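Structure first, commentary second.
Reckoned from all heavy atoms, side chains included, excluding hydrogens, waters and symmetry mates. Model, not experiment: these values are computed from the prediction.
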Amino acid sequence: DVPHLAVVGGVAANRGLRQALQQLCAKNGWALHIPALQYCTDNAAMIGLAAYALYGQGKFADQTFVPYAQHIH
């Protein structure tokens, strides 16, 4: 059984999703954890700003660039 459900990030700002999850958790006796709306942000603005800064510096990746995720411990 699922005793807790946490939703974070930009998707957690969706009011319809919040309402549906509140109903689902209430129905099943689960604890729902969602940050206040002001803390449910998306990284798109940050990525856009970083890309704009690099573009202004003339820094571009060529076609051989391969992105990867890095785990920080």
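Taking each heavy atom of Pro35 and Cys40 in turn, the nearest pair found is O-SG, 3.6 Å. Nearest heavy atom pair, residue Gln22 against residue Leu32, reads CG-CD2, 3.6 Å.
Distance alone, capped at 3.5 Å, is enough to place a donor-acceptor pair between the Asn14 side chain and the Gly16 backbone.
Under a hydrophobic clustering in which Ile, Leu, Val, Met, Phe, Trp and Tyr are joined whenever their side-chain heavy atoms come within less than 4.5 Å, directly or via other members, Leu17 and Leu5 fall into the same cluster.
Within 6.0 Å of the CZ atom in Phe60, the count of heavy atoms belonging to other residues, nucleotides or ligands exceeds 12.
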Which is it for Leu37 and Arg15 under the side chain to side chain contact (heavy atoms under 4.5 Å, CB included) test, yes or no, and what are the steps along the way? CA-CA 9 Å; Leu37 197 56; Arg15 294 182 197 277; 3.2 Å; yes
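Put simply, the side chain of Ile34 reaches to within 4.5 Å of the side chain of Arg18, judged on heavy atoms.
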